[in-house]
Structure formats: structure tokens, C-alpha cells
Amino acid sequence: MRFCRCSSPAPRFQAVTPGEKIRETSVLTSLVQPGAREKARQMVSGSSNDRFVVSRRRTGFGDCLWSLAAAWRFAKQTGRTLAIDWRGSCYLDEPFTNAFPVFFEPVEDIGGVRVICDDDINTRSFPGPFFPTWWNKPSFDCIYRPDEQIFRERDQLDQLFQSQRDSDANTVVCDACLMWRCDQEAEREIFRSIKPRPEIQARIDAIYREHFEPYSVIGIHVRHGNGEDIMGHAPYWADTERALRQIYNAIDEARSLSHAKPVRAFLCTDSALVLEQVSVKFPDVFAIPKQFQAPQAGPLHHPALGAEGGFSALTEMYLLARCDTVIRFPPTSAFTRYARLFAPRVIEFDLNDPGRLILIEDNSQALMAS
């Protein structure tokens, strides 16, 4: 196999997860409870000098954690308290439940930043003025935010973060996809600092001991969409047959690399069709049993699947990061960002030339000619 050096950095994808506008109406989006504007001037801690960054996401865990890392980085730089508000999560059918403590252990501090992440977020009031300015509107007017407004806020937050300056606002609201808005160390700090709840971690550890520990595992993540508007991922699925051939080729290439133990392949996907097709081509591929949605019915991160859908997602996300080699198709999916940062070897696809695979090993990149 021949490798040629690749010095160009990974593309800086700018995406907002589809469906945010639909989920927007499922929770009270005002950060100040109706009738509590005056009380909001007093901080949760009792000090009028405290300031906050609120990380609000309702999307898949990859987006949630990556956006949280960007919010944490800004809180760290500006000496603010970080509030994690994941109400209206796509993994729960309870719109006023903060999803963070449902899936992760409570945390009070991340890298010296004070954290609020409990379910009491419903009763907390944060002080104005707010940034972006949309959040200074009366509570009722904040309930519906069109996609255009979400994109606008993403860009405003991006500009604020890049300026390396603080905002005059007492509360900065991060309620947009903030992938690529922080450095990798911020992402690693988040993944090191927050832990899945013990029952989820026990599931991860049990599967690892039985199916991973004796092998060199190739983790394969295939983000299909299953009928969802996958936006930035769409170019990878412009031709389904070609996409599947690319995935097969990547698995063959991964198997041909050197491995310390017998090789085993582990598949994670949101599509029962993909699971079926890959399993036919590679009968020894294994997958964790889980509930799929009907064909073309949408993604796995859906409230109809309940919290178990979130438990399954975290199990796969954390196991992928413990694989020896990880294949990301497409690499625009934030779900494999954890694995991208911690797995020893990663294989990605070149969007500009899908016939080439990018091998990332020991912090270097090379192109694998196909």
C-alpha cells in the first residue's frame, strides 16, 4: 500500500443539525421565567457580579458535546459559569427534562469552570442583558426561532469566540451548532471530564470485555440518515451503490493494516439497510442489538425511541473511541468526533476525491490510493 503526504487541514464544516426548528417549540426557550425579570438580576449564587454561558442543545450527542466544548472554552476564557441546558432533547419525550443528568454523571467543575447541569434548570433565572440580542425579547416572543435566526446566532457566536474578547452581556446563550468553534484541547477536556452514568458505563465495559479486549477492533461508523435531511452529509450518499463500495473498500484497507491481535470489525449505523448490506459483504462484522426506525423514517436520535435510544447511542460512541482503528463515513458526522480525537488510527474519506481514503495515525495524515 502506498501513502503520500497530505498537508491540507481537515475541512471546516459549518452545519446546523436539521430539525432544530421543529424541536424549538417543545420547550420554553426564554432563559428567564415569565414574570421573573426583576428577580433575574440576582444571580443563582446570590452575587450580582456572576456571569453565565448557557449551552443549549437538543440534537445528537456528537453535536451536543462538541458545542458544549465551544461554550466551555468561552466560559473558561471569560471567567463565567457554564450552564448545560439540554431540555427538549431528541433522546427524550419529556420536553422539560434536562437530558444531561439523564445520561451523564453530575459535574460541578470542568477545568476550573463552575458548572450547572442539574434538572433544576427549569427554575433557574439568568440575568440580562443577553447575547445574542434575540434573547432579550419577552419570553413569549422567544418561543419560536426560525432557522435563519439560528444560523445568524451561530455566526454571531463564532465572531465573538474568534475575537478573543468578552461580551458585555451577563448571559451568553449558545443555542446553535458550534462544531469547529474551539480547539481540540477544549474537546478533549470535555470528553475527559464528563462521564456516562454508571449504568451506561457498566454496559460499555461489559461489551468491551467480551467483544473488544481479545481483538484488534476496526470500528465502522456509517451515518446514513434513513430518510432524514442530512444536509452536509448528503454528498457522500449521492450514489448509494458507490457509497457502499467506498465503505467496503475502507474495511478491506483497514484489515490490510498491521494489527497486534486477531482482527474483528464492529459496525455502528442508523440504518437497518446498511447493517444488512455490510453484513452480507462481511459476515464476521458484529453490531450491538438495538431498535431501528422503519426504513426512511428518520434518525435514531428521536424521542419516540425514549431514553434507551440515548443509552444505545452513548454505548456505541464510547466503544468506537476504544477501537484500534475507526472508519468514519462520513467524517462530517459529529457522532465520531470522540473517536476521531482518541482512537489510535482513523480512516476518513476525502470529500473532494471520494476514491481516496485519508489515514490519520500518530497525528499525521496520509492519503491511501484506491
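What you see is a predicted model; the values in this text were computed from it and never measured.
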Does Tyr338 have any ring pair (Phe, Tyr, Trp, His ring centres under 6.0 Å) partners at least two apart in sequence or in another chain, and if so, which? Phe191, Tyr318, Phe342
So, does Thr269 use its side chain to make a donor-acceptor pair with the main chain of Val222 at under 3.5 Å? yes
Nearest 0.5 Å please: distance from the CG atom of Leu341 over to the CD atom of Glu187. 5.0 Å
Please enumerate all residues that pass side chain to side chain donor-acceptor pair (under 3.5 Å) together with Asp166, with sequence neighbours excluded. Arg51, Arg80
Val173 side chain reached by Thr171 side chain, heavy atoms, under 4.5 Å: yes
For Phe74, what residues pass the ring pair (Phe, Tyr, Trp, His ring centres under 6.0 Å) criterion, not counting sequence neighbours? Phe161
Would you check, one step at a time, whether the test side chain to side chain contact (heavy atoms under 4.5 Å, CB included) holds for Cys117 with Val107? CA-CA 7 Å; Cys117 63; Val107 59; 4.1 Å; yes
Could you tell me whether the side chain of Val278 reaches within less than 4.5 Å of the side chain of Ile251, counting heavy atoms only? yes
What pairs with Thr315 under side chain to side chain donor-acceptor pair (under 3.5 Å), at least two apart in sequence or on another chain? none
Under the side chain to side chain donor-acceptor pair (under 3.5 Å) test, which residues partner Glu185, sequence neighbours left out? Arg192
Please tell me if the side chains of Thr59 and Cys177 come closer than 4.5 Å, counting only heavy atoms from C-beta onward. no
Should Ile204 and Ile207 be regarded as members of a common hydrophobic cluster, given that ILVMFWY residues are connected when their side-chain heavy atoms come within less than 4.5 Å of each other, either directly or indirectly? yes
Evaluate Leu92 against Phe103 for side chain to side chain contact (heavy atoms under 4.5 Å, CB included), listing each step before the verdict. CA-CA 11 Å; Leu92 300 175; Phe103 298 106; 4.0 Å; yes
More than 12 non-hydrogen atoms from neighbouring residues, nucleotides or ligands closer than 6.0 Å to CD on Glu108, yes or no? no
salt_bridge(Arg124, Asp118) N-O dist < 4.0 Å: yes
Would you list the pairs meeting salt bridge (charged side-chain N to carboxylate O under 4.0 Å, His left out) in which at least one residue belongs to residues 274-287, sequence neighbours left out? Arg255-Asp284
Working to the nearest 0.5 angstrom, can you tell me the gap between Arg154 CZ and Ser67 OG? 11.0 Å
Please list, chain by chain and in numerical order, all residues satisfying side-chain contact (heavy atoms from CB on, under 4.5 Å) with Thr325, sequence neighbours excluded. Ile218, Ala254, His259, Arg345, Ile347
Pairwise distance OG(Ser55) to CH2(Trp72) - rounded to 0.5 angstrom: 13.0 Å
For Arg223, does its backbone N or O pair with a side-chain atom of Asp270 as donor and acceptor, under 3.5 Å? no
Trp66: what forms a ring pair (Phe, Tyr, Trp, His ring centres under 6.0 Å) with it, not counting sequence neighbours? Trp180
Looking at Ser163 and Leu160, would you say the former's side chain and the latter's main chain have a donor-acceptor pair under 3.5 Å? yes
Quick one: which of Glu316, Glu210, Glu308 gives a salt bridge (Lys or Arg N to Asp or Glu O under 4.0 Å) with Arg203? Glu308
With side chains defined as the heavy atoms from C-beta onward, is the minimum distance between Asp63 and Arg57 less than 4.5 Å? yes
Begin with the C-alpha distance, continue with both residues' side-chain angles, and end with the deciding distance and a verdict on side chain to side chain contact (heavy atoms under 4.5 Å, CB included) for Phe349 and Ile327. CA-CA 9 Å; Phe349 295 77; Ile327 297 171; 3.9 Å; yes
Less than 6.0 angstrom from the centroid, inside 45 degrees of the normal: does Lys137 satisfy that with respect to the ring of Trp134? yes
How about Arg340 and Glu348: do any of their side-chain heavy atoms sit closer than 4.5 Å? yes
Residue set satisfying ring pair (Phe, Tyr, Trp, His ring centres under 6.0 Å) with Phe286, at least two apart, ordered chain then number -> His211, Phe212, Phe266
Can any side-chain N or O of Lys261 pair as donor or acceptor with the backbone N or O of Val217 at less than 3.5 Å? no
Polar side-chain atom of Asn98 near backbone of Asp85 as donor-acceptor pair, under 3.5 Å: no
Using 0.5 Å steps for rounding, measure from the CZ atom of Phe131 to the CG atom of Asn136. 10.5 Å
Nearest 0.5 Å please: distance from the CG atom of Leu320 over to the CZ atom of Arg337. 14.5 Å
Mind running ring pair (Phe, Tyr, Trp, His ring centres under 6.0 Å) on Phe61 and Phe335 for me, showing each step along the way? CA-CA 7 Å; Phe61 284 127; Phe335 186 81; 8.3 Å; no
Do Phe282 and Asp252 come within less than 4.5 Å of each other through their side chains, counting heavy atoms only? yes
Enter the distance from Ile84:CD1 to Cys174:SG here, rounded to the nearest 0.5 Å. 11.5 Å
Who are the salt bridge (Lys or Arg N to Asp or Glu O under 4.0 Å) partners of Arg264, not counting sequence neighbours? none
Going by the rule side chain to side chain donor-acceptor pair (under 3.5 Å), which residues pair with Glu199 if we only count those two or more places apart in sequence or in a different chain? Arg197
With Ser193, which residues qualify under side-chain contact (heavy atoms from CB on, under 4.5 Å), at least two apart? Ile110, Glu189
